[in-house]
4 protein chains.
Amino acid sequence: MKGEKRKQLILDCAKKLFAKQGFYRTQISDIVREINIARGTVYQYFANKEEIFICLLEDAYSKWEKAIYDAVELINLKTITPVEYFRLRIKTTLDFLLADPDICEIVMSMGFGLPEGLEKATRKLEEKIRDIALNDFKLGLHNGYIRESINTLHAAEMIAAAVLRSAYYFQNNKKEEKQIDKITDEIVNLFAPGIFTADVLAALS
Amino acid sequence: MKGEKRKQLILDCAKKLFAKQGFYRTQISDIVREINIARGTVYQYFANKEEIFICLLEDAYSKWEKAIYDAVELINLKTITPVEYFRLRIKTTLDFLLADPDICEIVMSMGFGLPEGLEKATRKLEEKIRDIALNDFKLGLHNGYIRESINTLHAAEMIAAAVLRSAYYFQNNKKEEKQIDKITDEIVNLFAPGIFTADVLAALS
Amino acid sequence: MKGEKRKQLILDCAKKLFAKQGFYRTQISDIVREINIARGTVYQYFANKEEIFICLLEDAYSKWEKAIYDAVELINLKTITPVEYFRLRIKTTLDFLLADPDICEIVMSMGFGLPEGLEKATRKLEEKIRDIALNDFKLGLHNGYIRESINTLHAAEMIAAAVLRSAYYFQNNKKEEKQIDKITDEIVNLFAPGIFTADVLAALS
Amino acid sequence: MKGEKRKQLILDCAKKLFAKQGFYRTQISDIVREINIARGTVYQYFANKEEIFICLLEDAYSKWEKAIYDAVELINLKTITPVEYFRLRIKTTLDFLLADPDICEIVMSMGFGLPEGLEKATRKLEEKIRDIALNDFKLGLHNGYIRESINTLHAAEMIAAAVLRSAYYFQNNKKEEKQIDKITDEIVNLFAPGIFTADVLAALS
DNA sequence: CATGAATGAGGATTCATTCAT
DNA sequence: AATGAATGAATCCTCATTCAT
């Protein structure tokens, strides 16, 4: 139990530092200095620096997946409108990202230039978001909610990028006291007209 | 003249390697081995590794600005429609990014975790794209082309992210023989309905 | 009593590992993992890693001395021939070494490159074997059994080396089902002609 | 050319230190301090500590092989007696070992407990000596010089061990001003009676 | 200008040993 | 006595940068 706490302490500190300085500029010495433990202690819990990083991401991914799953549990799939459903997806993801700005920062980096194995690991979240969007699109097409003309994969990519970017934008404009709901609406309003069929959109007004 | 050629050789090689491996994993030894010059020679042209990186980006930025400027030169501002203008911006940027996939890759990384000064430098392109979009929005609002309801800054961010992401998407799906025009249309079709006023959109059909 | 058993457990395990991997490559963690005790427990019985090693050797040395002593107890010094006596020495030593191949391996290493104090400790067995041989030679010379011409110290060194080497050779050729007696004979037959006087040798046939 | 000299400097120093302290206790810092170069310089010539060690041994092995080869070149194989031939082998090897006491010390260690790959490397010399002896025995048997009764492999092992041990013994008794020739004779006199047939031995007197 | 050997600060990782429980 | 988490000194190796030729 004590050990688990320690591990978490290291992970939390590492997350903060990785988010601020990236992988290379964050040194084990920074971590141990910050939380006042010995160098070796880190290696009692993690094989190496990379493992800390991966562990961090995997924690985040499983949290995100749970959040997505839980969000859908709470709603009535029978009565929700397609646009509301879209909105829910966006909001759930934003809630998640904004609840953990450091992970948000880390994932936004897309892992460019990281050691071999880590690159893929960091790109996973964006891929997961994209894949969920893609899947939703397929369902929507089948039900006639989504415009036949769109390239679903490309659209999903753009939406994933925009959502991540919005989270990032939100972090850096917090002074405006912007509500997550407002941000969500802005995303929905920007994309909905290009995604949904006229029928779906008409029902909105 | 010979010197200038050498400098360019170094820059080209560095660009390729930075794009493939990022800043930290690219070593001076990699560069000199690749182009068969001596270690010291690099330092005849650049103060240090960071300067190579910055130089690279600045080259790219000025090329992009020129491209944007040239594109507008060629058109008749009087007769072009707002959507066509939007489309032109997108296409110009995509043309530029796809003509130089390495820079595209570097910029996509957003400089996360780079040495102090470089972070800002890498984020510049996305900012530039966003700022142009923002500026266009202001003009468009003034002329009644853009919906009053949108948050222009946020929308500009999202569009910038989506365009960069599209370039990236394009690289990795080249096998589909997708035309830049098609990609451009997909972007325009996704965003236009959410951006432009009903009047502008009506004129399309 | 329980404690004594534990100490022995540690020693046995350490012997096995030291024999397989040497001093440096054997880690305390290897030992405790193998016998399922806690790290700290080792230090209840031994001051440090070196002490385990020394303790191991000393155990071996006293066993060897007892073996040598016992062997002589059992024979009739009056009637034994010089060659038979030589043979007995060799066989006793081989019996001892082959009964404990791990110690054999450790001693064969001659302690090269070990931490300061241990070098001397590991060399002791070879020295002991050599010294016994040397002493026997002196007796033999006095009784006219040993050729006057030989350099007893040098010969003793070579015999000690050859016996240790034979033990090692035996380990690695066990498949041949070679008997210790056969190995012993081979050693005796190789050395006896060069060591003993013609008189002693003549009595053999 | 300058580089080759540096490499040799490092090798020489490393040999001295490895011989004195073994592999593990010899640190790169020891080497660079001793010959007054920078840490990194070592790694310009060798990938790592192990490579220095291996390089050292391989140098020694090729020198030994050359010595063995040259020695046979100089003699008249027609007229040399079997015992003289045996003597020549011993002397050549002793000359070689005593000309380079550090290598002698390193090889004597038999690599026990070294990192994986190095163990085998250090054992090579003893094996090479043994193999040459073994080969000579086979020739000798065929010509009726060697007693049919001996186990050639085992005898070769013992002789190799004894020769190496003699070299070691010689190092530590130098004060006696012992000549290599004398040591060689002692080895020959100890082993010859046990190895050669009565005919060959009779011809000696 | 070009070279490439030399530099050495810097960082990750290991592992024997300690000590509070 | 036993535990095992914590310690931190020790060590290998990297790599951007310099500088004499």
Side-chain angles (χ1 to χ4, degrees), chain A residues 1-7 10 24-32 35-52 115, chain B residues 2-3 6-7 23-33 36-52 115, chain C residues 2-7 23-33 36-52 115, chain D residues 1-7 10 24-32 35-52 115:
Chain A
M1 211 56 230
K2 178 82 175 310
E4 207 44 44
K5 213 179 244 167
R6 269 275 146 130
K7 187 170 180 178
I10 295 168
Y24 287 101
R25 271 163 59 205
T26 298
Q27 285 152 228
I28 298 296
S29 350
D30 295 336
I31 296 174
V32 302
I35 56 181
N36 233 322
I37 60 172
R39 233 140 223 275
T41 305
V42 171
Y43 291 89
Q44 199 126 57
Y45 297 99
F46 302 95
N48 50 42
K49 204 169 121 178
E50 302 195 7
E51 203 181 280
I52 303 177
Chain B
K2 176 85 177 308
R6 227 151 223 240
K7 185 171 180 177
F23 184 78
Y24 286 101
R25 271 161 61 202
T26 298
Q27 283 152 230
I28 299 295
S29 358
D30 296 336
I31 297 173
V32 302
R33 193 184 319 116
N36 239 321
I37 60 171
R39 238 139 208 268
T41 306
V42 171
Y43 291 87
Q44 216 98 48
Y45 297 99
F46 302 94
N48 51 40
K49 196 171 139 182
E50 302 194 6
E51 204 181 278
I52 303 178
Chain C
K2 176 82 176 312
E4 205 45 43
K5 212 180 242 167
R6 232 161 217 229
K7 185 170 180 178
F23 183 78
Y24 286 102
R25 270 162 61 201
T26 298
Q27 284 153 229
I28 298 295
S29 356
D30 295 337
I31 297 173
V32 301
R33 191 183 321 115
N36 239 320
I37 59 171
R39 237 138 209 273
T41 305
V42 171
Y43 291 87
Q44 216 99 46
Y45 297 99
F46 302 94
N48 51 40
K49 198 171 139 183
E50 302 194 6
E51 204 181 281
I52 303 177
Chain D
M1 210 58 227
K2 177 84 177 307
E4 207 44 45
K5 213 180 244 168
R6 268 276 146 133
K7 188 171 178 178
I10 295 168
Y24 287 102
R25 271 162 60 207
T26 299
Q27 284 151 229
I28 298 296
S29 350
D30 295 336
I31 296 173
V32 301
I35 57 181
N36 234 321
I37 59 171
R39 231 138 225 277
T41 305
V42 172
Y43 292 90
Q44 198 125 57
Y45 297 99
F46 303 95
N48 51 40
K49 204 168 120 178
E50 302 195 6
E51 205 182 277
I52 303 178

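Protein chains get the first letters and strands the later ones, always in sequence-line order, with residue 1 at the start of each.
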To the nearest 0.5 angstrom, please state how far the OG1 atom of A:T41 sits from the CD1 atom of A:I35.
8.5 Å

Min side-chain heavy-atom separation A:P115-B:Y24 under 4.5 Å
no

Any stems for DNA chain F, made of 3 or more Watson-Crick or G-U pairs in a row, each with both distances under 3.5 Å?
E:2-21 with F:2-21

Rounded distance (nearest 0.5 Å) linking atom CD1 of A:I28 with atom CZ of A:F46
9.5 Å

Pick the nucleotide of DNA chain F nearest each of D:T26 and B:T26; which residue has the one closer to the 5' end?
D:T26

For C:T26, does its backbone N or O pair with a side-chain atom of C:K49 as donor and acceptor, under 3.5 Å?
yes

Please work out if D:Y24 contacts a base, only the sugar-phosphate, or nothing of the nucleic acid, heavy-atom cut-off 4.0 Å.
nothing

Spacing between A:I10 atom CD1 and F:dA5 atom P, to the nearest angstrom:
12 Å

Atom pairs under 3.5 Å, N or O on each side, protein against nucleotides 17-19 of chain F: can you list them with distances?
unit_1	atom_1	unit_2	atom_2	d
F:dT17	OP2	B:Y43	OH	3.1
F:dT17	OP2	B:K49	N	3.0
F:dT17	O4	B:R39	NH1	2.7

Please report the distance, rounded to the nearest Å, between CD in D:Q44 and C1' in F:dA16.
13 Å

State the OH-CD distance between C:Y45 and C:E51, to the nearest 0.5 angstrom.
13.5 Å

Verify the contact: side-chain N or O of C:S29 to OP1 or OP2 of E:dC15, cut-off strictly under 4.0 Å; return yes or no.
no

D:F46 has an atom CZ; how far is it from atom C1' of F:dC12, in whole Å?
16 Å

C:E4 CD to F:dA1 C1', in whole Å, measures 14 Å

Under the rule for salt bridge (Lys or Arg N to Asp or Glu O under 4.0 Å), what residues qualify as partners of D:R39, not counting sequence neighbours?
none

Please give, in whole Å, the distance from E:dA12 P to A:Y45 OH?
20 Å

Return the value, rounded to whole Å, for the distance between atom NZ of C:K7 and atom C1' of F:dA1.
15 Å

Check the phosphate of F:dT7 against A:R6, side-chain N and O only, distance under 4.0 Å to OP1 or OP2. Yes or no?
yes

What's the spacing between B:I52 CD1 and B:K7 NZ if we round to 0.5 Å?
10.0 Å

Name the nucleic acid region contacted by A:Q27, choosing base, sugar-phosphate or nothing; use a 4.0 angstrom heavy-atom cut-off, strictly under.
sugar-phosphate

Atom-to-atom span, CD1 of C:I31 to C1' of E:dA16 - whole angstrom:
11 Å

So, taking the atom named CZ in A:R6 and the one named CD1 in A:I37, what distance separates them when rounded to the nearest 0.5 Å?
6.0 Å

d(CG, D:D30; P, F:dA10) in whole Å
13 Å

What is the distance from atom OH of A:Y43 to atom CG of A:N48, rounded to the nearest 0.5 Å?
7.0 Å

